[in-house]
Each structure stands twice: as C-alpha cells, then as structure tokens.
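Notes follow once the structure below has been shown.
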There are 2 protein chains.
Amino acid sequence: MVTLKDIAAEAGVSVMTVSRVVNGQLSKVSDANIQKIQKIIEKRGYVPSQSARSLSSRSSKIIAIVAQGDGDILEYPYNASMIGQIGSLIQKHGYSPMLYFASEYQGITKKLHAWNVDGAIFLGTFDENLEKIQSDNKIPLIFTDCYSPIRQITNVGLDDFKGGVMAARYLLKKGHTNLAFVGSSTDISGVVRQRLKGFASVCTEAGYRLSAEQVLPDAPTLPALKTLCSGSHPVTAFFASADRLAITLMRQLHELGFRVPQDCSIIGFDDLPTSSYITPSLTTIRQDIHLKAETAVDLLFRHIANAKAPAENIILDVQLIERESVSSLPPDR
Amino acid sequence: MVTLKDIAAEAGVSVMTVSRVVNGQLSKVSDANIQKIQKIIEKRGYVPSQSARSLSSRSSKIIAIVAQGDGDILEYPYNASMIGQIGSLIQKHGYSPMLYFASEYQGITKKLHAWNVDGAIFLGTFDENLEKIQSDNKIPLIFTDCYSPIRQITNVGLDDFKGGVMAARYLLKKGHTNLAFVGSSTDISGVVRQRLKGFASVCTEAGYRLSAEQVLPDAPTLPALKTLCSGSHPVTAFFASADRLAITLMRQLHELGFRVPQDCSIIGFDDLPTSSYITPSLTTIRQDIHLKAETAVDLLFRHIANAKAPAENIILDVQLIERESVSSLPPDR
DNA sequence: CTGAAAGCGCTTACAG
DNA sequence: CTGAAAGCGCTTACAG
C-alpha cells in the first residue's frame with residue numbers, strides 16, 4: 001500500500017507537504033512542489049487511508065443511515081427510495097454512507113461511536129429512545145417522520161394530517177359518504193395515526209362518524225371486507241394509509257367480486273411508481289420522496305458545517321393525484 | 001471518548017490486558033481481571049474505535065456494496081431487495097455494509113482502498129472493468145449476474161437462459177404461436193440477452209422465428225404495440241424480461257383497449273411482491289432474491305475466512321409461477 | 001497470565 | 001513555504 005511517506009520520499013519533501021497537497025491546501029505549497037507531488041500521487045495511485053484520517057482528525061467522513069428493522073424493510077418502496085436517494089446524496093457530498101439496521105436502541109450508539117460517525121439520518125420510529133440517542137451522541141442527527149413531543153429534534157416530516165383531510169374531502173366530494181380507513185391501528189409511528197386523524201376529522205365534521213369496524217388493520221380478512229361492503233349501508237370508498245396497502249386491498253376486493261372503482265373506490269397515500277401503472281391506476285395522496293431525502297441530507301450537512309445550527313422541524317406538503325380508482329357516486333343515494 | 005487506556009487505568013492493568021478481554025481472548029486473562037474489566041467496560045460504555053483497529057490490524061470490518069448507477073437504482077425492487085438482504089446479512093456477520101454507487105471504474109478501487117475494505121459485493125454490470133477491478137484489489141470480490149468470459153471470478157447468477165426457455169415453452173403450450181419479447185436490446189448486461197436467447201431458441205425450434213419487430217425495447221411506443229397486436233397475424237403473448245416491464249406493458253395494452261389475458265397474454269420475470277397483487281396477477285419466471293443475496297454473502301465470508309478459496313460460479317435455478325396473465329388459446333386458430 | 005515497546009498512516013499544532 | 005514532533009487508539013510481536 002502506498003502511503004504519504006512513500007510519496008514524500010519519492011518527491012524529496014516531508015509528509016506534511018504531501019499532506020497539504022492531498023488536502024488541497026495549495027496556497028501553502030510552492031507550485032513546483034504541487035506539480036511534482038501531484039504527478040507522483042497520480043503515478044503511484046495513492047489513496048489516503050480513511051482510518052488513519054479518522055483516527056487523527058476525529059472526523060470519519062462516514063454518515064450512518066439508521067433504519068429501524070432489518071433488511072426486509074427495503075422491500076417497501078418508500079424505504080428503498082429514501083435509502084437510495086440519501087445514500088447517493090451523501091456520496092455526492094464526499095462522505096460515505098454506512099447502512100445500519102437497528103433492532104434495539106443499544107446498538108445504535110455503539111455503532112455511531114465505534115465508527116466515529118460524523119452524522120446520522122434515521123428512518124423509522126425511534127420516539128421511545130430519542131432522548132437517549134440524542135444525549136449519547138453529540139453529532140448531527142436527522143430524524144424523519146418523527147412525531148415525538150420533544151422539541152429539540154431536527155426532523156423532516158410530512159403533513160400527514162392534511163393528507164388525511166384531503167383524502168376524506170375528495171371522497172366526500174365524489175359523493176361517497178360511507179368511508180373506511182385501512183392502516184395498522186397498532187402502528188407505533190405517528191404517521192398513520194395522523195393520517196387517520198385528518199381523515200376522521202373531516203368525516204366527523206361532515207356528520208359521518210367512522211365506526212370501529214370502519215378502521216381496518218393492515219391486512220383485513222376477506223370476510224370482514226365482504227361484510228363491510230355489503231348490506232344496506234355498504235362502505236363505498238376506502239382510504240389506505242399507504243399505496244402498498246391500497247394495492248393489496250384492490251386485490252382483495254377483486255377476489256370478493258367487487259369492481260374498483262365501480263363498486264368500491266380506493267384512495268392511497270405515497271404515490272409509488274407502481275401506483276400509476278396498475279389498472280385501475282391509483283388515486284392517491286402524493287409525497288415527494290426525493291425532496292424528503294434531499295431535505296434530510298441538506299439539513300444534515302448544514303448541521304455538520306455549523307454545530308450550533310438550531311433544531312428544525314421541516315414539514316413537507318402533500319398533493320392529491322387524481323387517477324382512476326375513485327368513482328363518482330350519484331348526488332343522492 | 002472512553003479509550004482502552006481509560007479502562008486500563010481504572011482497572012489497574014495494562015491496555016493489553018483490556019484489549020484481550022475486549023477481543024474475547026479470555027483464556028489469556030485471569031478470571032479476576034476479566035470480571036473487573038468487563039464491569040468497568042460496561043459501566044463506562046466503552047466501544048472500541050474501529051478506525052484505530054482498522055489502522056493497526058489491517059482489517060476494517062467494512063464490506064462495500066458496490067452498485068452500478070446512482071441512488072435511483074433502488075427504485076427497482078430487485079436492487080432494493082438485494083441491497084437490503086445483503087446489508088442485513090453483512091451486519092449479522094459482525095461487519096458493516098458501506099454503500100457505494102459506482103458511475104466510473106476509477107472510483108471503485110479508490111473507495112475500496114481508502115476504507116481498507118475487507119471485501120465487496122457487486123450489483124450490476126462491471127464486465128468491462130472486471131479484470132482491472134480484480135487485479136487492483138486483492139480482497140474477496142463477489143459479483144452477481146456476471147456473464148464475463150473471464151473464469152477466475154466468483155459470481156452468483158441465475159439460469160437466465162432456462163428462464164427464457166421456460167417462458168417460451170409455457171406460452172407455446174398455452175397455444176400461443178405468435179410471440180414477442182420485451183427488454184432493452186441495448187442492455188449491456190448478459191442477463192437480458194440470455195433470457196432472450198433461451199426464449200428465441202424454443203421459438204425457433206418450434207418453427208416460429210422471432211422477427212426484429214417482435215423484440216421490443218424497454219418502453220415500446222403505443223403505436224408500435226398496437227400494430228403488433230393487430231392485423232391478420234397478431235402477437236398474442238409477450239415475454240417481458242422483468243416484472244417491472246411486464247406491469248408497464250400491461251398498462252399500455254390496457255390503454256390501447258386490449259384486455260389481459262383475454263386479448264394479450266403476458267409472462268414476466270422476477271416475481272416481485274407486487275406481481276401477485278396486481279390484477280390480473282402476473283404469471284412469471286421466479287428468481288429467489290433472498291437466496292441470491294444469501295449465496296453472495298456466504299461466498300464472501302468463505303473467501304474472507306480462506307483467502308485461497310477457489311473462484312466459484314454459482315447459478316441459481318428459476319421457477320415458473322402460474323397466475324392469471326396468460327390465457328389458453330384454442331388448439332388451432 | 002501480563003505488559004513495555006513499536007508501529008499502523010495520517011493530522012494538529014507549532015516553529016522557523 | 002516547509003518540516004520535526006507528538007499523538008490519535010488500537011494491535012502485533014515479543015519478552016517475561
């Protein structure tokens with residue numbers, strides 16, 4: 001392996017002079033030496049050792065992407081897209097993204113310490129351990145979709161409540177009055193809860209209260225669905241708190257013999273790439289995942305550049321994307 | 001930051017004794033010291049510095065996941081799933097996965113050298129630079145889906161040819177005789193080419209030659225599709241070299257007014273989670289992505305454990321998954 | 001079972 | 001503009 005010392009020896013200078021050239025402190029080195037050293041570096045294919053740098057400078061140039069769960073979470077397009085974008089942007093900043101799947105809180109601090117990480121971006125819900133994570137790690141920490149009551153947190157989230165409101169208003173506008181919500185009720189993240197809250201608030205306001213049976217878990221059973229969509233006062237439209245769930249639901253309704261959107265309408269949340277390709281294409285509340293990733297990375301590097309940068313909570317907007325999965329009901333029925 | 005030295009001082013022993021405990025060389029330390037030291041480590045929350053370790057031991061415990069392209073490739077479920085599984089397995093082995101998006105060859109060697117990486121797994125096509133990458137990096141390197149003629153490469157791939165054969169045989173068995181193939185013809189990877197070769201070989205054997213118009217690019221135009229599926233001798237079945245393309249194609253056919261599978265049949269390749277959820281659900285050639293990731297990681301650690309382990313080329317099998325997107329044609333038509 | 005010494009490849013801080 | 005010295009936090013290799 002080629003080291004600073006090798007280059008210095010070949011150039012007939014000290015390692016410090018080479019170090020300055022490597023680090024672009026060109027104003028401190030004579031032009032003659034710059035030329036000579038750069039040529040040798042090129043020729044020998046010298047690459048600085050990051051572990052040596054990390055050890056002596058106390059900056060590792062590593063950013064941890066901490067994701068709650070295990071490798072399976074990348075099966076969800078939302079997570080995959082976030083990790084891809086975040087990783088790519090980190091790399092463009094000259095840093096290296098390290099992936100860490102967190103199952104328990106302990107491991108996170110260990111990982112960040114062991115690698116002397118310069119910062120971390122969190123995907124998933126860490127609300128329970130947020131304070132501990134923050135007090136144990138005095139580096140920039142960016143959270144996403146965090147609904148913790150703690151204020152001193154830098155977070156980039158979504159207007160989930162508004163998304164729920166928009167979904168409900170849209171369905172009501174289309175003439176649907178008997179609605180249902182799909183999304184894990186046991187969800188620990190605030191995200192689903194906020195979407196439901198927004199949705200329910202509009203229903204209540206319009207005089208249509210959501211009963212307990214109209215708030216369905218992640219994977220409702222076929223019989224439960226059938227009951228819900230039959231009878232004298234059937235549910236005619238669903239709000240699924242994720243496109244992924246909307247697509248599953250679509251399939252289930254199809255299996256039960258209901259046509260979407262003629263018999264049952266569905267509106268989703270996320271706007272995944274697939275959502276526009278399936279038939280019927282999915283009407284949904286769109287979030288801009290690329291913008292979210294970009295915002296998180298920007299925030300991170302702003303805090304790396306300035307350790308005193310204030311905690312910020314950035315809430316991104318959502319948007320209704322009208323497609324084919326919601327039908328209009330006759331005005332009075 | 002707590003260091004070995006701090007622990008040693010508090011325990012009244014040398015750093016070496018602490019180091020031995022930290023590294024589990026317990027047979028070399030007295031029980032009394034083990035107890036005492038472990039207690040102090042626990043209490044102080046000591047975590048070894050990986051950069052110091054990497055610098056002194058010449059093993060970084062980092063594995064690079066090198067993916068061709070940029071962050072966008074995680075929008076493809078195949079890549080996302082592979083990266084998730086590989087990353088997770090690396091972590092379970094006590095190593096840390098570092099993500100690297102490679103656009104040009106140069107960067108790869110630099111990255112691997114800079115971080116003194118212990119091994120790397122490659123996603124995508126690096127055939128052109130394979131030899132250089134291998135000769136520049138004397139560490140275990142695992143490739144995936146590589147069709148390079150170079151033999152000294154450790155690779156885990158798929159029986160893509162057989163997949164093509166199975167798709168063609170299935171469509172013929174269902175009575176389809178006028179077939180078409182969808183998949184980027186300019187694809188540099190051998191993968192698509194092999195799938196096409198297998199597919200075409202069966203067609204030819206059965207006396208149905210694929211004309212140039214029947215080999216479609218990634219995103220065929222609507223008019224081209226329409227022409228193909230109309231006229232006196234229309235194409236009645238498509239083989240898409242990826243489920244993602246099959247789903248797009250399904251949408252396009254729908255827009256043209258063709259019903260799948262009544263008017264046009266489609267068989268895909270991959271078996272993504274979505275493929276079973278859409279309507280009609282997709283008949284496809286399945287590959288086991290989890291097994292592929294597992295095989296790659298196993299191979300990697302076998303080579304890390306034994307630097308002399310021979311190059312291996314492991315080819316995983318594929319499987320036909322019958323669902324709803326292919327119809328039976330009357331025997332003679 | 002224990003430890004003193006040297007070194008991994010850099011950077012920081014200083015002196016000139 | 002240049003460099004000698006010290007140190008980052010470990011491990012290797014050796015001596016006892």
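So you know, we letter chains A, B, ... as the sequences are listed, proteins then strands, and number each from 1. Owing to the predicted nature of the structure, the values given are computational and were not obtained by experimental measurement.
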* When we call it a touch if two heavy atoms are under 4.0 Å apart, what does A:S51 touch: a base, just sugar-phosphate, or nothing? ->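 Contact class for A:S51: none.
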
From [options], nucleotide with atom closest to [X] side chain:
X     : options                : value
B:S56 : C:dG7, C:dA5, C:dT2    : C:dG7
A:S14 : D:dG9, C:dC10, D:dG3   : D:dG3
A:V29 : D:dT11, D:dT2, D:dG9   : D:dT2
B:M16 : C:dC10, C:dT11, C:dG3  : C:dG3
B:S19 : D:dT11, C:dT12, C:dC10 : D:dT11

* Asked: Run the side-chain hydrogen bond (donor to acceptor under 3.5 Å, both in side chains) check on A:D118 and A:S59 step by step: do they pass?
  -> CA-CA 6 Å; A:D118 285 347; A:S59 161; 2.8 Å; yes

* To do: Map B:T3 and A:V13 onto DNA chain D by nearest heavy atom, then report which one ends up closer to the 5' terminus.
  =>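 First, find each residue's nearest nucleotide; the 5'-ward one identifies A:V13.
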
If you compare every side-chain N and O of [X] against the phosphate oxygens of [N] (OP1, OP2), does one of them come in below 4.0 Å?
X     : N     : value
A:N33 : D:dC1 : no
A:R20 : D:dG3 : no
B:S30 : C:dT2 : yes

* To do: Could you tell me whether the side chain of A:K292 reaches within less than 4.5 Å of the side chain of A:L158, counting heavy atoms only?
  => yes

* Does D:dG3 pair with anything, Watson-Crick or G-U wobble, both distances under 3.5 Å, and if so, with which nucleotide? ->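 Because both required distances fall under 3.5 Å, D:dG3 counts as paired with C:dC14.
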
